[in-house]
Amino acid sequence: MVYDVIIIGAGPAGLSSGLYAARAKMKTLIIEKDKNGGQITGTDDVANYPGSIKDVTGPALVARMVEQCDAFGAERLKATVEKLELQNDIKKVHTDKGLYEAKSVILAMGAVPRKLGVPNEIALTGKGVSYCATCDADFFTGLEVYVIGGGDTALEEGLFITKFARKVTVIHRRDTFRAAKSIVEKAMKNPKMDFIYDSGIKEILGDGLVQGFVLENFKTGEVKTIMADENDGILGLFIFAGYLPETHLVNNLVHLDAMGYIQTDENMRTNIPGVFAAGDIRVKSLRQVVTATADGAIAAVQAEKYVDEHFGE
Ligand code: NAP
């Protein structure tokens with residue numbers, strides 16, 4: 001069977017595409033390798049998605065998006081896409097569950113957290129090193145936590161972690177924050193938050209659990225070791241150093257910018273006819289749920305138009 005559209009990725013962009021495509025009566029398949037929702041599932045409070053006023057969690061919002069896709073008849077498959085053949089009229093999507101074919105494809109694979117690339121980071125992930133406050137903050141109830149990064153995510157998630165941790169220290173590599181002024185002001189006012197500027201982690205220390213780290217001050221060159229309190233035995237290191245686009249499947253197929261994001265026009269079209277991109281994976285100025293869902297809607301409407309024009313009777 002050949003689908004009208006295969007959507008790769010079930011974050012807000014992919015789910016919005018699925019909803020619009022299925023509602024337009026396109027034969028729609030959404031493929032996701034992990035859990036639905038992407039990055040938004042790690043957010044406890046989606047405060048700036050229009051209409052989500054009271055305590056809307058990422059997982060709750062995603063659950064409703066999935067329900068809407070299902071209600072309109074989109075099919076969903078949990079599988080890992082291994083290879084894409086996109087050049088011909090019928091696009092081939094090779095997965096660990098078999099080959100799927102479609103007249104159009106929407107790339108909505110999103111982005112993943114950037115690693116610091118320091119010794120022991122991978123080995124101690126899940127053992128004190130985390131990239132998701134909603135997932136892991138409560139493990140650090142009453143303990144000390146260090147947050148790396150100076151963007152909106154670092155400060156917002158740092159604020160969230162203060163609900164659990166004894167103290168949250170933000171370590172930023174510069175002396176001014178990239179985060180929005182309002183968020184910076186809120187963080188500065190929180191008595192549980194502290195800040196270390198112009199500094200970065202050189203190495204994470206610990207045998208089985210994060211017990212400390214080596215910190216370098218980039219301005220003075222001073223290097224010091226910070227260890228967990230003896231009574232605690234562990235500290236938390238939450239890394240929010242931005243995101244990297246998940247474009248490894250398509251980096252030789254569609255045009256990317258220097259940072260690796262997919263280039264599209266305003267109709268979400270890539271350089272390959274019938275191949276669209278939506279959400280955090282594409283070049284854009286604002287990566288939010290609201291812009292991801294808007295991209296998804298446009299991509300689906302354009303995919304429908306493309307399929308009609310190229311395959312219609
Ligand atoms: P971001 O804006 O790219 O910020 C990443 C931060 O990590 C920057 O402060 C950067 O430092 C630092 N960093 C990058 N690489 C590093 C490294 N190797 N070592 C140490 N620090 C490093 O990422 P984000 O905060 O995750 O935000 C991503 C997007 O989502 C943004 O567009 C943001 O506005 C949006 N967002 C919005 C909200 C909201 O509106 N409520 C909430 C969360 C995220 P430099 O500043 O020196 O580059």
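The shown structure was predicted, so the numbers you read here are calculated from the model rather than taken from an experiment.
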Check the pair E304 / R23 against salt bridge (charged side-chain N to carboxylate O under 4.0 Å, His left out), numbers first and verdict last. CA-CA 11 Å; E304 185 202 1; R23 193 157 185 258; over 6 Å; no
Walk me through whether D295 and R282 qualify under salt bridge (charged side-chain N to carboxylate O under 4.0 Å, His left out). CA-CA 10 Å; D295 284 2; R282 75 180 193 94; 2.8 Å; yes
Do E75 and K27 pass the salt bridge (charged side-chain N to carboxylate O under 4.0 Å, His left out) test, and can you show the C-alpha distance, the side-chain angles, and the key distance before you say yes or no? CA-CA 8 Å; E75 288 177 39; K27 188 94 189 109; 2.8 Å; yes
Stepwise side-chain hydrogen bond (donor to acceptor under 3.5 Å, both in side chains) test for K284 and T291: CA-CA 9 Å; K284 62 199 301 192; T291 59; 3.3 Å; yes
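Side chains of D194 and T169: no donor on one and acceptor on the other come within 3.5 Å. A donor and an acceptor atom, one from each side chain of Q288 and N48, are located under 3.5 Å apart.
Taking OH of Y131 as the start and OG1 of T153 as the end, the distance is 14.5 Å to the nearest 0.5 Å. With rounding to the nearest 0.5 Å, the separation of CZ in F72 from CG in D70 is 11.5 Å. For the atom pair CG of L15 and OH of Y20, the computed distance is 13.5 Å after rounding to the nearest 0.5 Å. Once rounded to the nearest 0.5 Å, the distance linking CD1 of I281 with CD1 of I262 reads 4.0 Å. The line from OG1 of T28 to OH of Y3 is 9.5 Å long, rounded to the nearest 0.5 Å. To the nearest 0.5 Å, atom NZ of residue K97 and atom NZ of residue K78 are 7.5 Å apart.
Closest heavy-atom contact between T141 and D138: OG1-O, 2.7 Å. Contact detail for A137 and I161: the closest heavy-atom pair is CB-CG1, 4.1 Å. Heavy-atom minimum distance, D152 versus A179: OD1-CA, 3.2 Å.
By the 4.5 Å heavy-atom criterion applied to side chains, M65 and S16 are not counted as neighbours. Taking 4.5 Å as the limit, some side-chain heavy atom of D232 sits within range of a side-chain heavy atom of R166. Looking at heavy atoms from C-beta onward, L84 lies in side-chain contact with L107 at the 4.5 angstrom threshold. For the pair I201 and Y146, the minimum side-chain heavy-atom distance is 4.5 Å or more. When side chains are defined from C-beta on, V283 does not count as touching T264, because their heavy atoms never get closer than 4.5 Å. Side-chain contact between K202 and E216 is present, with at least one heavy-atom pair separated by less than 4.5 Å. V66 has its side chain out of reach of C69: every pair of non-hydrogen atoms, C-beta onward, lies at least 4.5 Å apart. In this structure the side chain of Y49 never reaches within 4.5 angstrom of the side chain of I40, judged on heavy atoms.
A donor-acceptor pair under 3.5 Å is formed between the side chain of K91 and the backbone N or O of N88. T41 places no side-chain N or O within 3.5 Å of a backbone atom of G37 that could act as its donor or acceptor partner. Using a distance-only test at 3.5 Å, with no hydrogens or angles considered, a donor-acceptor pair links the side chain of T125 to the main chain of E121. In this structure, K33 contributes its side chain and T80 its backbone to no donor-acceptor pair below 3.5 Å. Without hydrogens or angle criteria, K103 side chain to D89 main chain gives no donor-acceptor distance under 3.5 Å. Of the possible polar contacts, one joining the D257 side chain to the M259 backbone as a donor-acceptor pair under 3.5 Å is found. A donor-acceptor pair is defined here as one N or O able to donate and one able to accept, closer than 3.5 Å; no such pair exists between the side chain of N36 and the backbone of A10. Looking only at distances, no side-chain donor or acceptor of S17 sits under 3.5 Å from a matching main-chain atom of A299. Side-chain atoms of S104 never come within 3.5 Å of backbone atoms of F276 as a donor-acceptor pair (strictly under, hydrogens ignored). Under the 3.5 Å distance criterion, the side-chain polar atoms of R114 are matched with a main-chain donor or acceptor of A241.
The hydrophobic cluster containing I8 does not contain V5, counting ILVMFWY residues as joined when their side-chain heavy atoms lie under 4.5 angstrom apart, directly or transitively.
A cation-pi arrangement is present between R287 and Y261 under the rule of less than 6.0 angstrom and at most 45 degrees off the ring axis.
No more than 12 heavy atoms of other residues, nucleotides or ligands sit less than 6.0 Å from atom CD of E266. No more than 12 heavy-atom neighbours from other residues, nucleotides or ligands sit within 6.0 angstrom of NZ on K305. No more than 12 heavy atoms of other residues, nucleotides or ligands shown are found within 6.0 angstrom of CG on D207.
Here the rule is side chain to side chain contact (heavy atoms under 4.5 Å, CB included) with F213, and of T225, I171, N120 only I171 fits it. Among E82, E85, E101, the one residue that satisfies the salt bridge (charged side-chain N to carboxylate O under 4.0 Å, His left out) test with K92 is E101.
In this structure, F140 has its ring center closer than 6.0 angstrom to the ring center of F238. Separation of the H172 and F177 ring centroids falls under the 6.0 Å cut-off.
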